[in-house]
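Data first, discussion second: the structure below is written as structure tokens.
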Amino acid sequence: MSSSVSASKMAQVSEVSKSVPSRLVVKILLFTAVILLGPICSYFLTLNSVFDGNRIYAAGFAAVVANVAVIFYIVAAFAEDSGSQEVPKVKES
């Protein structure tokens with residue numbers, strides 16, 4: 001019985017992997033990394049080099065970096081969404 005269950009799960013996984021383009025997965029992983037690592041890296045990189053130890057300014061800059069990354073993600077999502085809504089033309093006989 002477990003072999004039939006695992007076979008049906010494998011079929012479902014393969015159907016999902018065929019329906020999701022690989023470039024979409026790469027894009028999501030890239031934006032996830034930028035949204036998570038961008039603010040952390042920018043905070044620690046600018047803390048002593050740009051803002052001379054001022055934690056408030058470094059944190060503010062990290063918040064700006066996070067917001068810019070989210071805005072770019074939203075713009076990319078809208079750009080991809082508008083390109084996929086092509087209406088097929090129906091030929092009249």
Side-chain angles (χ1 to χ4, degrees):
M1 180 161 167
S2 65
S3 64
S4 65
V5 171
S6 64
S8 66
K9 285 184 182 180
M10 290 295 287
Q12 289 175 351
V13 169
S14 66
E15 288 175 12
V16 171
S17 65
K18 289 179 184 176
S19 66
V20 178
S22 61
R23 64 182 177 90
L24 179 66
V25 174
V26 170
K27 185 185 291 187
I28 289 174
L29 290 175
L30 178 69
F31 276 110
T32 301
V34 170
I35 290 171
L36 290 175
L37 298 176
I40 294 170
C41 291
S42 67
Y43 174 80
F44 287 110
L45 289 174
T46 61
L47 180 62
N48 291 320
S49 62
V50 177
F51 299 118
D52 295 326
N54 192 336
R55 291 179 288 175
I56 294 175
Y57 289 156
F61 184 73
V64 168
V65 169
N67 285 317
V68 167
V70 170
I71 289 169
F72 277 128
Y73 177 73
I74 292 170
V75 168
F78 274 116
E80 183 175 322
D81 189 38
S82 65
S84 65
Q85 292 185 358
E86 297 174 4
V87 179
K89 295 181 181 179
V90 177
K91 295 182 179 179
E92 295 181 24
S93 316

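This one's a predicted model, so the numbers in the text were calculated from it and none came from an experiment. Values below: all heavy atoms of this structure, side chains included; hydrogens, waters and symmetry mates excluded.
- Residues F61 and V65 are in side-chain contact: their nearest non-hydrogen atoms beyond the backbone lie under 4.5 Å apart.
- Both V68 and F31 belong to a common hydrophobic cluster when Ile, Leu, Val, Met, Phe, Trp and Tyr are linked at side-chain heavy-atom distances under 4.5 angstrom.
- If you chain together hydrophobic residues whose side chains sit under 4.5 Å apart, L47 and L37 never meet in one group.
- Between K27 and Y73, every side-chain heavy-atom pair lies at or beyond the 4.5 Å cut-off.
- Summarising the geometry of E80 relative to L24, their closest heavy-atom pair is OE2-CD1, 3.5 Å, with the distance given to 0.1 Å.
- F72 and V34 are not part of a single hydrophobic cluster, where members link through side-chain heavy atoms under 4.5 Å apart.
- Atom CG of L29 has more than 12 heavy atoms from other residues, nucleotides or ligands within 6.0 Å.
- Residues Y43 and A62 approach most closely at CB-CB, 4.0 Å, considering heavy atoms.
- Under a hydrophobic clustering in which Ile, Leu, Val, Met, Phe, Trp and Tyr are joined whenever their side-chain heavy atoms come within less than 4.5 Å, directly or via other members, V26 and I35 fall into different clusters.
- For the atom pair R55 CZ and N48 CG, the distance stands at 11.0 Å (nearest 0.5 Å).
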